[in-house]
Amino acid sequence: MAQLGFIGLGIMGRPMIGHLLAAGNKVNVYDVNTEAVKEVVAKGAVAKASSKDVASVSDVIIVMVPDTPDVEEVLFGKDGVAKGVKSGSIVVDMSSISPIATKEFAGKLEAMGVEMLDAPVSGGQVGAEKAILSIMVGGKPEIFERIKPYFALMGKNIVLIGDHGAGQTCKVANQIAVAVNIIGTAEALAFASKAGADPAKVREALMGGLASSRIMELHGERMIKRTFQPGFRIRLHQKDLNLALQSARSLHMSIPATALAQEMFNAVAARDGLDLDHSAMVLAIEELANHPVA
Ligand code: NAD
């Protein structure tokens, strides 16, 4: 059986490792947060002292850290994966990061005889816990086929989009659609509430029609019940929208709804909301409406 490595044991990484362990895999782990390491070791994972140490004993190394500089540090930093990785291993980066940097990382690893897939996910904490993540993959088809059985333990909708970076491009598109959907959901619920309707009943009714969505289902409920602990932090969604806005600029295209969503997140950030769940965008809409949804 292949030895797996997993680096980044956050909100997403911990439940994903749980599924790999439950299927009988050996999983070597590292995170700078020792509390997170203890939690997965209690479920059967093996703690290693660095990313380098994970790489030196693993055939497949999964990375799930916040941002592009974090992936760079994990892969190429002091005591990073590149310092210990065996030729023939496969690095699978499931973090959401820059498509351009991804291509560069894949090229550097390839020169060392190491294959890479970018495989960011959508579906959030609930999707990770229920192993129903959507996984969007970039890389070589034959490497995708080899890793697919592991993806199937963590997700349901698993699609090879194209070559290196294509998975990350798909994820940026996903984050545009999600952010704009959050504004729509927040505005609809704030409007209904200020007009005197019960937002919980409105959400229930909308879930049966054209306005239904996973965002209306999960985040609409969060907005009504005021459960803004993450989840998916506004800080991370802002990172993804930065990638979207920068890429749109270099493509000479305008994505005005995304820019508005980023501004709404800025407004929540101004009230110390960077580490709230992204459904807390409703706080900015409520401010403008001078009315709370619930
Ligand atoms: P998180 O902040 O909860 O976890 C990230 C983990 O990485 C932390 O435990 C942190 O200590 C660790 N880490 C950071 N730098 C490290 C390093 N150099 N070496 C070792 N460990 C390091 O983040 P998350 O919510 O689990 O998200 C992870 C990735 O998945 C992000 O790119 C995010 O955009 C993406 N994502 C998150 C969600 C979600 O709902 N939370 C959904 C889809 C995609």
Side-chain angles (χ1 to χ4, degrees), residues 5-18 28-41 45 47-55 61-84 91-99 101-102 118-137 154-155 157 167-168 170-179 182 214-215 218-219 222 227-244 265 274-280:
F6 206 116
I7 300 162
L9 319 175
I11 289 174
M12 299 297 281
R14 291 196 300 275
M16 290 162 75
I17 290 168
N28 304 287
V29 298
Y30 174 67
D31 193 297
V32 287
N33 172 358
T34 50
E35 286 307 308
V37 174
K38 276 188 207 153
E39 194 181 318
V40 295
V41 164
K48 295 288 168 190
S50 65
S51 297
K52 173 185 165 193
D53 288 359
V54 168
I61 302 138
I62 300 174
V63 181
M64 193 51 163
V65 294
D67 201 351
T68 307
D70 305 312
V71 174
E72 186 162 30
E73 169 73 21
V74 163
L75 295 182
F76 305 110
K78 181 179 169 287
D79 294 327
V81 167
K83 297 271 164 49
V91 168
V92 183
D93 179 25
M94 302 189 78
S95 330
S96 306
I97 67 160
S98 156
T102 294
D118 45 302
V121 306
S122 178
Q125 185 180 9
V126 173
E129 285 166 1
K130 293 189 174 167
I132 54 167
L133 291 169
S134 202
I135 307 180
M136 26 208 129
V137 187
M154 301 181 279
N157 188 26
Q168 295 295 357
C170 180
K171 174 67 186 184
V172 174
N174 180 82
Q175 295 305 78
I176 291 172
V178 169
I182 293 176
R214 292 277 288 160
I215 299 290
L218 299 175
H219 291 9
R222 277 176 172 272
T227 45
F228 297 133
Q229 80 281 9
F232 186 56
R233 297 172 215 281
I234 284 177
R235 184 189 297 282
L236 291 178
H237 207 152
Q238 288 210 284
K239 159 205 63 146
D240 297 334
L241 296 188
N242 276 339
L243 287 174
F265 281 140
L274 273 178
D275 287 311
L276 296 179
D277 186 72
H278 57 165
S279 55

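Counting convention: from 1, in listed order, for ligands and their atoms alike. Owing to the predicted nature of the structure, the values given are computational and were not obtained by experimental measurement.
Ranking protein heavy atoms by distance to atom 27 (O) of ligand 1, first place goes to Leu236 CD1, 3.9 Å. Scanning all protein heavy atoms for the shortest distance to atom 5 (C) of ligand 1 gives Pro66 CD, 3.7 Å. Given atom 17 (C) of ligand 1, the protein heavy atom at minimum distance is Val74 CG2, 3.7 Å. For atom 12 (C) of ligand 1, the nearest protein heavy atom (residue, atom name, distance) is Asp31 OD2, 3.2 Å. In terms of protein heavy-atom proximity, atom 39 (C) of ligand 1 is closest to Phe232 CD1, 3.2 Å. Among protein heavy atoms, the minimum distance from atom 13 (N) of ligand 1 is reached at Val65 CG1, 3.7 Å. The protein heavy atom nearest to atom 35 (C) of ligand 1 is Ser96 OG, 3.6 Å. Of the protein's non-hydrogen atoms, the one nearest atom 24 (P) of ligand 1 is Met12 CG, 3.9 Å.
Not one N or O on the side chain of His219 forms a donor-acceptor pair closer than 3.5 Å with the backbone of Ile182. No donor-acceptor pair under 3.5 Å is formed between the side chain of Asp31 and the backbone N or O of Ala36. For the pair Lys171 (side chain) and Val121 (backbone), a donor-acceptor distance under 3.5 Å is present. Judged by distance alone, with hydrogens and angles left aside, the side-chain atoms of Gln125 form a donor-acceptor pair with the main-chain N or O of Gly231 at under 3.5 Å.
Ring geometry for His278 versus Phe232: interplanar angle over 60°, hence perpendicular rather than tilted (30 to 60°).
If you number the atoms of ligand 1 from 1 as listed, the ones under 4.0 Å from a heavy atom of Gly8 come out as 7 (O). Close contacts between ligand 1 and Tyr30 involve ligand atoms 19 (N), 20 (C) [criterion: under 4.0 Å to a heavy atom]. Remark: ligand 1 atoms within the under-4.0 Å shell around heavy atoms of Val121 are 43 (C), 44 (C). Residue Ser95 approaches ligand 1 through these ligand atoms, each under 4.0 Å from one of its heavy atoms: 32 (O). The contact set between ligand 1 and Glu73, taken as ligand atoms under 4.0 Å from a residue heavy atom, comprises 18 (N). Every atom of ligand 1 with a heavy atom of Lys171 under 4.0 Å away is listed here by number and element: 43 (C), 44 (C). The ligand atoms of ligand 1 that sit less than 4.0 angstrom from a heavy atom of Gln125 are 40 (O).
Contacts of Leu9 with ligand 1, taken as heavy-atom pairs under 4.0 Å, involve the backbone alone.
Taking 4.0 Å as the cut-off, Lys239 counts as a neighbour of ligand 1 on heavy-atom distance. Proximity of His237 to ligand 1 is not established, as no heavy-atom distance is less than 4.0 Å.
Put simply, the residue from Asp277, Asp275, Asp240, Asp67 that forms a salt bridge (charged side-chain N to carboxylate O under 4.0 Å, His left out) with Arg235 is Asp275.
Side chains of Asn174 and Ser122: a donor on one and an acceptor on the other come within 3.5 Å.
When all heavy atoms of Ser279 and Arg222 are compared, the pair lying nearest together is OG-CD, 3.3 Å.
For atom 41 (N) of ligand 1, the choice among Ala128, Gly124, Gly231 with the nearest heavy atom turns out to be Gly231.
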Any chance you could lay out the side-chain contact (heavy atoms from CB on, under 4.5 Å) test for Thr102 and Ile97, step after step, and finish with the verdict? CA-CA 7 Å; Thr102 294; Ile97 67 160; 3.5 Å; yes
Can Ile135 and Val137 be said to form a side-chain contact (heavy atoms from CB on, under 4.5 Å), step by step? CA-CA 6 Å; Ile135 307 180; Val137 187; 3.9 Å; yes
